[in-house]
Amino acid sequence: LVGDSIQIFVRIKNNATSEYHRFDNVKVVEYSPLDTVLAWCNNSPSFDQFPPVFICMGDSQTVSQSATDLDGDSLVYSFATPYDDFSATLPPPLIIWETGFSETDQMDGTVTLDPQTGDLFIEPSTEMQYLVGISVKEYRNGFLLSENRRDFQFNAVTCPADQVPS
């Protein structure tokens with residue numbers, strides 16, 4: 001890593017024959033400010049898995065947002081307000097929440113985050129595209145060393161009913 005940020009954009013677009021199968025502007029952004037004092041002796045945590053693109057309405061899903069720290073430092077997970085847009089300004093500006101949503105209430109339905117494991121439990125109640133922000137803070141001997149953040153969008157969609165094989 002050279003510099004002080006990582007930006008990953010994934011854009012996917014189908015040949016949509018109906019709005020049901022259309023999705024676009026799916027993006028994941030990860031940002032971790034570089035601590036120049038500790039950069040030579042610390043490895044910041046990195047997220048282990050890519051987040052989901054789709055979640056079925058009415059189904060609950062546990063999605064691992066766990067991270068790995070090569071130094072074995074303690075990691076604590078929490079919700080974070082996502083960045084509005086990645087620009088040349090560091091740190092990037094944060095989104096302004098729509099009415100009814102907040103850092104601790106990021107979607108319709110149920111969403112919880114285990115602060116020790118990073119497991120994200122999601123059960124959406126409204127079909128729409130959601131934006132979620134996750135923070136992992138790294139501690140060594142009780143001192144905060146770094147914070148790595150991940151913002152991602154996913155689509156809550158109505159999925160076809162499971163079919164019993166005949």
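From a predicted model like this one, the values you see are computed outputs, not experimental measurements.
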Derivation and outcome, side-chain contact (heavy atoms from CB on, under 4.5 Å), residues V132 and V111: CA-CA 10 Å; V132 176; V111 59; 5.6 Å; no
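For residues 52-77, every residue pair satisfying the salt bridge (charged side-chain N to carboxylate O under 4.0 Å, His left out) rule, not counting sequence neighbours, is listed here: D71-R140, D73-R140. Within the structure, no pair that satisfies the salt bridge (charged side-chain N to carboxylate O under 4.0 Å, His left out) test touches residues 108-120, not counting sequence neighbours. Residue pairs meeting the salt bridge (charged side-chain N to carboxylate O under 4.0 Å, His left out) criterion with at least one partner in residues 93-106, sequence neighbours excluded, are absent.
The two residues F54 and Q61 have their closest heavy-atom pair at O-OE1, 4.3 Å. Across every non-hydrogen atom of P45 and V136, the tightest pair is CG-CG1, 4.1 Å. Closest heavy-atom contact between S44 and S146: OG-OG, 3.9 Å. Across F152 and P52, no two heavy atoms sit closer than the pair CE1-CD, 4.3 Å.
The closest donor-acceptor contact from the side chain of E138 to the backbone of L145 lies at 3.5 Å or more, if one exists at all. No donor-acceptor pair closer than 3.5 Å links the side chain of E147 to the backbone N or O of S135.
To the nearest 0.5 Å, the span separating CD1 on I122 from OG1 on T62 amounts to 8.5 Å. Distance check, rounded to the nearest 0.5 Å: OG of S66 to CD of Q116 gives 13.5 Å. Rounded to the nearest 0.5 angstrom, I134 CD1 and L120 CG are separated by 5.0 Å. Here the straight-line distance linking atom CG of D84 with atom CG of D151 works out to 10.0 Å at 0.5 Å rounding.
Within the 4.5 Å cutoff, side-chain heavy atoms of M107 are placed close to those of F154. The side-chain heavy atoms of P115 and F79, taken from C-beta on, include no pair separated by under 4.5 Å. Contact annotation: the side chain of L144 approaches that of Y139 to within less than 4.5 Å [non-hydrogen atoms, C-beta and beyond]. Counting only heavy atoms from C-beta outward, the side chains of Y130 and I55 never approach each other to under 4.5 Å.
When the ring pair (Phe, Tyr, Trp, His ring centres under 6.0 Å) test is applied to Y77, no partner is found at least two apart in sequence or on another chain. With sequence neighbours left out, the side chain to side chain contact (heavy atoms under 4.5 Å, CB included) criterion links L94 to T81, Y83, R149. Checked against side chain to side chain contact (heavy atoms under 4.5 Å, CB included), E123 has the following partners two or more places apart in sequence or in another chain: S60, T110, F121.
V53 and M57 are not part of a single hydrophobic cluster, where members link through side-chain heavy atoms under 4.5 Å apart.
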